[in-house]
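Worksheet for the structure shown next.
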There are 2 protein chains.
Amino acid sequence: MSYTYDYPHPAVTTDIVVFTVENDTLKVLLIQRKVAPYKGQWALPGGFVRIEESIDACAGRELEEETGVKGIFLEQLYTFGDPNRDPRERVISVSYYALMPLDDVDIKPGTDSADVGWFDVDTLPTLAFDHEKIISVARDRLTAKMNYSTVGLMFMPEEFTLSEVQSLYETVSGGSRDKRNFRKWLLALGIVEETGEKKVEGAHRPAMLYRLKDKTDVMIIK
Amino acid sequence: MSYTYDYPHPAVTTDIVVFTVENDTLKVLLIQRKVAPYKGQWALPGGFVRIEESIDACAGRELEEETGVKGIFLEQLYTFGDPNRDPRERVISVSYYALMPLDDVDIKPGTDSADVGWFDVDTLPTLAFDHEKIISVARDRLTAKMNYSTVGLMFMPEEFTLSEVQSLYETVSGGSRDKRNFRKWLLALGIVEETGEKKVEGAHRPAMLYRLKDKTDVMIIK
DNA sequence: TCAAAAGTGTTAAGACTACACCCATGT
DNA sequence: ACATGGGTGTAGTCTTAACACTTTTGA
């Protein structure tokens, strides 16, 4: 079957930048391409928008199909459309980004991808298409948002300690923060609460565990 | 001539939201459609992306063709792609927005538009497609940016008085501001300078005229 | 008892807010 | 001389930044 139009139409894809934090480094989720072009190279998960599917739905579907990650909150980032960004045909890519705790979902390659993995954003392999550029824009947006919202908490698992949150903020937005001021700030926001449990780990005083009061409510502007 | 693909392709358009301020009201630039669908109705300027043209270039070209406005700074806003937003076929729209001083360019309808005009954003006519939604998103973005950047100055003509800037800020982001504090804030940013001229207008003390030190440099974050 | 991270308040500096009167001009 | 918008400084409040020691635990 084929589809005919009076004027040339571009193809439209979504590409998804998923960030996480592991061992005090910011990482991004990549897949290894199984097909040409850029066969064997690493790329962002993503794919073509179906004709009866919304762009948001496409992003969620492609992410799940190619990496096994599902149900995370995706936000539209930017639309890239330079005429030669894809060697096959004119392709316009609507990019999305998301943040997730590392242990939330098991990642596994789909049928279109040979492999899936987390990569340190500062030492990425050579990437397919203009995906390096897309990741760079996503990272800038993330860094900016860290400074005027509570997005950072989307990296945290169900339960966490205040020191873990601080360490995460230091990793993602760079620089170090004063421990007392950081805790005052976070607690004053009123979006976390003590679980009553403690995290025992190593030869030192155990830390109080906290959780988000309302999981969806992350995003309050400072 | 026709164009054939193995899979269905959506069409891609740009739509441009141009804001200005006139008589203490925020206005948006609309065109009246000359052709179906929504023939005779008001809509955002915009049109189909050509196959060898970047999306940014398309936005600039369509704006000029349909309204006569050219050379203004366009920023990508959001990509709208609900499957049924256009009755003809699947159309994905990459939206842009811009701010301009009212007297900068003469607006004139192009060949595809019956008329062009500025409309008060609070009392818009019924609009074609989902353009009301697009304007609403653009307005939210504008209002937000007014609070952490100096975008507002993009509404000003070459030379302006401080009272005019203040009045503009009050119009766009709502509420009134203290005159002395507003002037202190704006002057402390160091992005405007006196021209040495004064604006004589009516039976009162003439106001000092100012200009931007660096026209491109607007956008400093507070 | 030592090492290691958790936890906890106060003070100083800077930013923001509120506020009222005189000035230059045209009629 | 009066009506109109232009122009100017200070004091109080609130916010942010800097800073160091005690606690709890495991080894």
Side-chain angles (χ1 to χ4, degrees), chain A residues 21-24 144-150 152-153 156-157 159-171 173-211 220-222, chain B residues 21-24 144 146-150 152-153 156-171 173-211 220-222:
Chain A
V21 172
E22 181 181 21
N23 300 329
D24 294 331
K145 283 224 170 183
M146 292 289 288
N147 292 315
Y148 63 85
S149 80
T150 58
L153 293 170
M156 303 312 299
E159 302 195 335
F160 48 83
T161 71
L162 297 186
S163 294
E164 286 166 353
V165 181
Q166 182 179 347
S167 158
L168 182 147
Y169 267 79
E170 290 173 344
T171 295
S173 49
S176 65
R177 306 203 176 194
D178 178 84
K179 182 162 46 155
R180 280 170 288 190
N181 293 338
F182 183 83
R183 282 160 183 250
K184 254 178 291 180
W185 169 74
L186 182 52
L187 293 174
L189 287 176
I191 58 174
V192 298
E193 62 187 4
E194 297 184 2
T195 65
E197 303 296 304
K198 296 188 180 200
K199 179 168 190 169
V200 181
E201 177 198 45
H204 55 83
R205 180 172 175 175
M208 289 293 311
L209 281 166
Y210 289 78
R211 73 167 80 88
I220 297 168
I221 292 169
K222 181 170 70 173
Chain B
V21 172
E22 182 183 18
N23 298 330
D24 296 330
M146 292 289 288
N147 293 316
Y148 63 84
S149 81
T150 59
L153 293 170
M156 303 315 297
E158 196 73 20
E159 302 196 334
F160 48 83
T161 70
L162 298 187
S163 295
E164 287 166 353
V165 182
Q166 184 180 345
S167 159
L168 182 144
Y169 268 79
E170 291 173 342
T171 296
S173 48
S176 65
R177 305 202 178 195
D178 179 83
K179 183 162 42 158
R180 280 171 289 193
N181 293 339
F182 184 83
R183 284 162 182 248
K184 253 179 293 179
W185 169 73
L186 182 52
L187 294 174
L189 288 176
I191 58 175
V192 299
E193 62 188 2
E194 296 184 2
T195 64
E197 304 294 306
K198 295 187 181 202
K199 178 166 191 171
V200 181
E201 179 198 41
H204 55 83
R205 179 173 177 175
M208 289 293 311
L209 282 165
Y210 288 78
R211 74 168 78 89
I220 299 168
I221 292 168
K222 179 170 72 173

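Worth saying up front: this structure is predicted, and the values here are computed from it rather than measured.
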Can you tell which of [options] lies closest to the side chain of [X]?
X: A:Pro206; options: D:dT24, D:dG26, C:dT25; answer: D:dT24
X: A:Ala203; options: D:dT24, D:dG26, C:dT25; answer: D:dG26
X: B:Arg205; options: C:dC23, C:dG9, C:dA6; answer: C:dC23

Measure [atom1]/[X] against [atom2]/[N] and give the value in whole Å, please.
X: A:Leu186; N: C:dA6; atom1: CG; atom2: P; value: 14 Å
X: B:Glu201; N: D:dG6; atom1: CD; atom2: P; value: 8 Å
X: B:Lys179; N: C:dC22; atom1: NZ; atom2: C1'; value: 11 Å
X: B:Glu194; N: D:dG6; atom1: CD; atom2: P; value: 15 Å
X: A:Arg180; N: D:dA20; atom1: CZ; atom2: P; value: 8 Å
X: A:Met208; N: D:dT24; atom1: CE; atom2: C1'; value: 14 Å
X: B:Leu187; N: D:dG6; atom1: CG; atom2: P; value: 14 Å
X: A:Tyr148; N: D:dT16; atom1: OH; atom2: C1'; value: 21 Å

Strictly by modelled atom types, are A:Asp24 and A:Ser167 linked by a side-chain donor-acceptor pair under 3.5 Å?
yes
B:Tyr148 vs A:Tyr148 aromatic rings, parallel, tilted or perpendicular, using cut-offs 30° and 60°?
parallel
Considering non-hydrogen atoms only, spot the tightest contact between A:Thr150 and A:Tyr169 and give its length.
CA-OH, 3.8 Å
Could you say whether B:Leu209 or B:His204 is positioned toward the 5' end of DNA chain D, judged by the nucleotide with the nearest heavy atom to each?
B:His204
What does A:Lys184 touch in the nucleic acid at a heavy-atom separation under 4.0 angstrom: a base, only the sugar-phosphate, or nothing?
base
Could you check B:Asp178 against A:Asp178 and say which one's nearest nucleotide on DNA chain C is further toward the 5' end?
A:Asp178
Is the shortest distance from a Lys or Arg side-chain nitrogen in B:Arg211 or B:Glu158 to a carboxylate oxygen in the other one below 4.0 Å?
no
Paired with A:Ser163, the side-chain hydrogen bond (donor to acceptor under 3.5 Å, both in side chains) test is passed by just one of A:Lys179, A:Lys199, A:Arg183, namely A:Arg183
I want to check one thing: is the phosphate of D:dG6, taken as OP1 and OP2, less than 4.0 Å away from some side-chain N or O of B:Ser163?
yes
